[in-house]
Amino acid sequence: MIRIEPWKRWLIWLTVAIGVVLALPNVFYGRVEQANDARLLMEREGVATPALEGDAALWPDFLPSGLVNLGLDLRGGAHLLAEVRLEDVYETRLDGLWPELRDLLREARAEVGPIRRIDEGGDALRIRIAEEAGMARAVAIARSLARPVASLTGGAARDIEVTGAGDVLTITLSEAERQAVDEQTMRQTVEIIRRRVDEVGTREPTIQRQGERRVLIQVPGLGSAEELRQLIGTTAQLTFHPVLRRTTDTDVRPGPRELFLPSADPRQEGFFYLLEATPVVTGEQLTNAQPAFDQNGEPAVSFQFNPAGARIFGDYTLENIGQLFAIVLDEEVVSAPEIISHIPGGSGIITGRFTVEETTNLAVLLRAGALPAELDFVEERTVGPELGQDSIDAGRIATVVAFAFVLVFMALAYGLFGLFANVALILNIALLFGLLSLVGATLTLPGIAGIVLTVGMAVDANVLVFERIREELKTAKGPARAIELGYEKALSAIVDANVTTFITAVILFAMGSGPVRGFAITLGFGIVTSVFTAIYVTRLLIVTWFERRRPRTIEV
Amino acid sequence: MRLRLVPESTSFDFFSRWKLWLGIGAFLIVLAFGSFLVQGLNYGIDFQGGTTIRTESPRAVDVAEYRAALEPLGLGDVSISEVFDPAFGEERNVAMIRVQVQEGDEAISGATVAAMQDALREVRPDITFGAVESVGPKVSGELVQTAALAVVLAIGAVLVYIWLRFEWQFAVGAVIALVHDVILTIGIFSELQIRFDLAIIAALLTIVGYSLNDTVVVFDRVRENLIKYKKMPLKDVLNLSINETLSRTFMTSATTLLALISLLVLGGDVIRGFVFAMTWGVIVGTYSSIFVASAALLWLGVKRDWDTPADGPAAGTQFGADA
């Protein structure tokens with residue numbers, strides 16, 4: 001006799017009930033979203049206005065409020081994949097060693113003779129020493145600057161590698177240091193992009209590191225990827241350099257450790273500046289930046305240094321009164337004012353023919369901090385919200401129609417048993433949405449296709465069982481035995497068939513990205529829920545019906 | 001009165017001409033592969049890099065006008081195609097414009113896209129841009145590799161699973177059918193020059209999953225019948241098993257196709273290619289589990305020295321690896 005223990009029945013119904021309750025918020029998508037947004041805002045800002053409370057009350061807080069996220073292809077928005085130029089940072093890192101090394105080598109002048117830096121940036125620091133005999137000493141001095149690297153693999157790795165060949169001393173970053181630098185650069189980049197995107201205040205942006213050197217940025221609801229790209233693609237490296245010369249001559253060949261940059265100020269068009277390459281202070285030492293106006297009422301950005309930056313800035317201005325001081329933003333001289341007096345407080349103003357919009361943006365960028373390295377954009381996608389809505393509508397209609405077809409078809413083919421399967425199919429979709437909401441999965445357009453496919457395939461397990469019951473009925477063992485055997489014998493086919501499909505879903509998830517991954521999720525979860533509903537829910541329905549009616553014969 | 005797609009019990013002889021079926025399968029594979037070699041696939045930007053812009057306008061699309069507007073930009077090969085969908089009506093005229101990666105560009109230049117949009121607005125002030133997508137050459141190269149790897153991995157994983165659950169002949173038979181399905185799908189895409197992008201790879205993997213699902217159900221019954229009828233020739237066992245599962249095969253294919261065709265007609269143009277691939281795959285996959293997978297199994301033969309079955313006839317149990 002077919003039996004299902006009471007505790008199992010309760011467990012099955014409980015699982016179904018939980019799934020349905022979890023799926024419920026998706027039925028009232030707009031309402032729940034509004035309530036969730038309001039709650040989040042109140043929590044973050046700590047202020048509760050009547051309007052916000054009204055919004056929050058749209059959805060009672062004792063009910064689950066998890067929603068299936070809509071992917072960019074459905075909601076509309078911008079997607080960018082940026083590649084970080086990690087090599088930039090190696091250069092900066094090596095540059096940082098130079099002043100100290102120069103001083104130490106000069107102290108040892110007696111042995112190594114006069115020195116000259118001969119590299120032009122790049123991934124190695126090269127120094128020519130006059131006395132070749134002093135190379136061993138020079139190498140020893142350079143090695144003394146090496147510091148241990150804290151690496152995950154442990155071991156006593158040093159941050160730099162020093163070699164001397166002939167009269168050239170070469171310093172490169174060690175492999176361990178490069179890895180550490182990469183790691184730090186990536187973390188910093190992600191953090192700064194996040195800060196910049198947050199400043200603009202769009203909802204639920206995704207900012208994720210991908211692989212070795214890429215960052216994925218997705219911002220729903222943003223009109224164009226171009227806008228986003230301007231926001232995060234600007235490096236916003238702010239540096240302050242001593243000016244060596246101002247000129248209109250474009251043919252100046254900068255010496256080593258010198259920069260030759262154009263002026264960005266339209267009032268000084270055609271002017272170029274020859275600067276000392278090592279900055280006095282940098283944007284990293286800023287604590288604040290705000291859009292402001294200068295004494296002539298022109299838009300400007302005011303800034304404030306941190307104590308360390310303020311001290312360096314103060315000292316420098318005291319010692320260099322009368323000199324020009326260049327403010328450089330991303331390789332362009334924004335302005336180069338003359339130092340009129342000692343500036344002790346560590347605050348200042350950047351002017352330079354900005355528009356108000358530009359100063360607002362620049363202030364955002366300076367506050368959020370500079371990117372440690374430049375970004376290249378390797379993938380860029382924008383989907384308009386209208387197209388997304390169209391896709392949702394089309395997907396919804398197609399799903400409903402597909403659903404209706406399958407329900408009618410099953411009822412026609414299997415009668416009462418078909419109706420049981422239909423109930424299970426409806427619960428299956430509810431469970432699928434419950435599961436998707438629970439893990440906060442993202443629904444994409446291919447994901448909707450995955451659901452439709454699930455609707456079609458979900459009945460497969462039921463079909464397998466029903467067909468098997470039909471076969472077993474032919475051998476006339478009585479309906480109860482036929483149902484039992486039907487389930488028992490169909491099980492191995494159900495398991496094998498679904499495990500293989502599940503394997504492909506897992507591979508898709510692991511290898512795919514974006515919409516494809518969304519498809520893999522719905523497909524994978526759909527397999528789990530359809531097997532559950534087919535094996536447990538339909539069976540429970542059939543058994544419950546059978547126990548009440550006790551039919552002598554059944555027709556499947 | 002029940003709806004039945006196949007009579008209650010059938011005894012079709014599927015394998016009197018099994019060599020012919022395998023031959024047809026091989027012929028179709030060669031045909032599809034030939035089409036792929038001659039025509040090549042119409043790769044989307046996911047795989048080739050470049051930019052696509054989806055335009056929408058209340059007035060009818062004039063490909064020549066669009067082309068003329070973009071001509072002065074010197075973007076190289078520009079492809080413009082109108083998109084049709086029953087849901088569009090008179091007021092919505094959609095076109096897809098595609099340009100290749102601009103020479104020397106490692107990354108994407110926003111300027112190209114902006115220039116294209118400006119040029120189009122010039123001739124069509126009411127034009128809107130539903131979607132803009134750009135993929136750099138570096139990423140597209142990687143996407144191709146990952147996609148190919150995903151398909152190979154999926155087939156490999158499945159091969160191992162079936163080998164563990166059944167025997168190597170079953171695994172090989174199933175994989176021959178899978179390769180058949182995948183190549184035929186690629187063939188139809190190259191023959192009809194439907195855009196082949198990343199989503200199609202997802203569809204290919206789904207086809208792998210579906211076709212397998214079908215094959216495994218048949219194989220499961222073959223395994224059961226091999227034990228039940230120890231003396232019956234393999235050919236008859238296969239025939240019997242396929243006839244017994246025929247009703248299920250048709251039912252499941254029918255429900256899945258019903259769902260997919262709804263999506264194909266009503267699901268919008270954005271995923272039409274994707275759904276088309278799956279629909280095609282379901283048809284081919286159903287056919288191949290009988291005429292390719294099972295025929296291959298017959299060709300390979302199955303060793304049947306199961307005189308000392310340790311685990312009896314219960315279905316769902318695993319045979320020893322050396323059975």
Side-chain angles (χ1 to χ4, degrees), chain A residues 81 83 224-226 229 376-384 386-387 390-391 394-395 397-398 401-402 405-406 409-410 412-415 445-446 449 452-453 455-457 459-460 463-464 467 471 488-489 491-493 495-497 499-501 503-505 507-508 511-512 515-516 519-520 523, chain B residues 2-4 54 87 106-108 110 113-114 128-136 138-139 146 149-150 153-154 157-158 161 165 198-199 201-202 205-206 208-210 212-213 216-217 220-221 244 247-248 251-252 254-260 262-263 266-268 270-271 274-275 278 315-316:
Chain A
L81 188 63
E83 195 163 275
S224 85
E226 206 44 46
R229 186 175 148 140
D376 288 323
F377 291 97
V378 290
E379 198 182 313
E380 192 174 310
R381 297 175 197 260
T382 315
V383 176
E386 300 84 16
L387 182 60
D390 287 352
S391 295
I397 294 171
V401 171
F405 269 131
V406 173
F409 195 76
M410 285 298 282
L412 286 178
Y414 297 109
L445 190 53
V452 174
L453 189 69
V455 171
M457 286 175 74
V459 293
D460 180 51
V463 169
L464 275 167
E467 292 291 332
E471 280 177 54
E488 205 171 88
K489 291 197 173 168
L491 191 66
S492 83
V495 169
D496 281 340
V499 166
T500 43
T501 313
I503 290 175
T504 56
I507 289 173
L508 260 183
M511 314 280 292
V516 173
F519 171 73
L523 186 66
Chain B
R2 294 278 194 271
L3 171 86
R4 280 190 186 275
R54 185 188 168 95
E106 265 307 304
I108 293 148
V113 176
T128 53
F129 304 103
V132 180
E133 303 187 59
S134 295
V135 178
K138 213 165 171 186
V139 173
T146 319
L149 188 63
L153 262 185
V158 157
Y161 181 80
R165 288 285 290 171
L198 207 54
I201 296 291
L205 283 175
T206 316
V208 168
Y210 182 86
L212 208 65
N213 188 312
V216 165
V217 169
D220 185 78
R221 187 60 70 99
E244 280 177 353
S247 172
R248 174 266 163 195
M251 279 301 296
T252 299
T255 54
T256 310
L257 280 176
L258 273 180
L260 284 174
S262 317
L263 199 58
L266 301 167
V270 181
I271 50 167
F274 177 71
V275 178
M278 291 210 286

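Residue numbers start from 1 in every chain, and the chains themselves are labelled A, B, ... in the order their sequence lines are given, proteins ahead of strands. Reckoned from all heavy atoms, side chains included, excluding hydrogens, waters and symmetry mates.
Nearest heavy atom pair, residue G209(B) against residue T501(A), reads O-OG1, 3.5 Å. Minimum heavy-atom separation, A150(B) to M511(A): N-CE, 3.6 Å. In plain terms, the two heavy atoms of L508(A) and A202(B) that are nearest each other are CD2-CA, 3.9 Å. Across every non-hydrogen atom of V452(A) and L260(B), the tightest pair is CG1-N, 4.5 Å. Of all the heavy atoms in T255(B) and F409(A), the pair that sits closest is CG2-CD2, 3.6 Å. Between A259(B) and A402(A) the shortest heavy-atom distance is CA-CB, 3.6 Å.
Summarising the geometry, atom CG belonging to L453(A) is positioned 9.0 Å from atom CG belonging to L263(B); distances are rounded to the nearest 0.5 Å. In this structure, the separation between CG on L212(B) and CG on D496(A) is 9.5 Å, given to the nearest 0.5 Å. The structure places CG of D460(A) at 7.0 Å from OH of Y210(B), a figure rounded to the nearest 0.5 Å. Atom CD1 of I271(B) sits about 4.0 Å away from atom CG of L445(A), to the nearest 0.5 Å. Here the CZ atom belonging to R4(B) is positioned 12.5 Å from the CG atom belonging to L412(A), to the nearest 0.5 angstrom. Taken to the nearest 0.5 Å, the CG atom of L464(A) stands 11.0 Å off from the CE atom of M251(B).
In this structure, chain A has heavy atoms under 4.5 Å from both the backbone and the side chain of L149(B). For V459(A), the part sitting under 4.5 Å from any heavy atom of chain B is the side chain, from C-beta outward, and nothing else. Contacts between I503(A) and chain B at a heavy-atom distance below 4.5 Å involve the side chain alone, from C-beta outward. Only the side chain of D390(A) comes within less than 4.5 Å of a heavy atom of chain B; its backbone N, CA, C and O stay farther away. Contacts between E467(A) and chain B at a heavy-atom distance below 4.5 Å involve the side chain alone, from C-beta outward. Residue A87(B) does not touch chain A at all, counting heavy-atom pairs closer than 4.5 Å.
Taking E386(A), E83(A), M410(A) one by one and counting their heavy-atom pairs under 4.5 Å with chain B, the maximum is reached by E83(A). Here N213(B) is the residue among V139(B), V216(B), N213(B) with the most heavy-atom pairs under 4.5 Å with chain A. Taking A449(A), S391(A), G395(A) one by one and counting their heavy-atom pairs under 4.5 Å with chain B, the maximum is reached by A449(A). Note on G268(B), A254(B), S247(B): by heavy-atom pairs under 4.5 Å with chain A, the leading option is S247(B). Ranked by non-hydrogen atom pairs under 4.5 Å with chain B, the options L81(A), I397(A), V401(A) are led by V401(A).
A salt bridge between R248(B) and E471(A) is absent, with no side-chain N of the basic residue lying under 4.0 Å from a carboxylate O of the acidic one.
Counting only heavy atoms from C-beta outward, the side chains of R54(B) and L387(A) approach each other to under 4.5 Å. Using a 4.5 Å heavy-atom threshold, the side chains of E379(A) and E133(B) count as separate. F519(A) places a side-chain heavy atom less than 4.5 Å from the side chain of T206(B).
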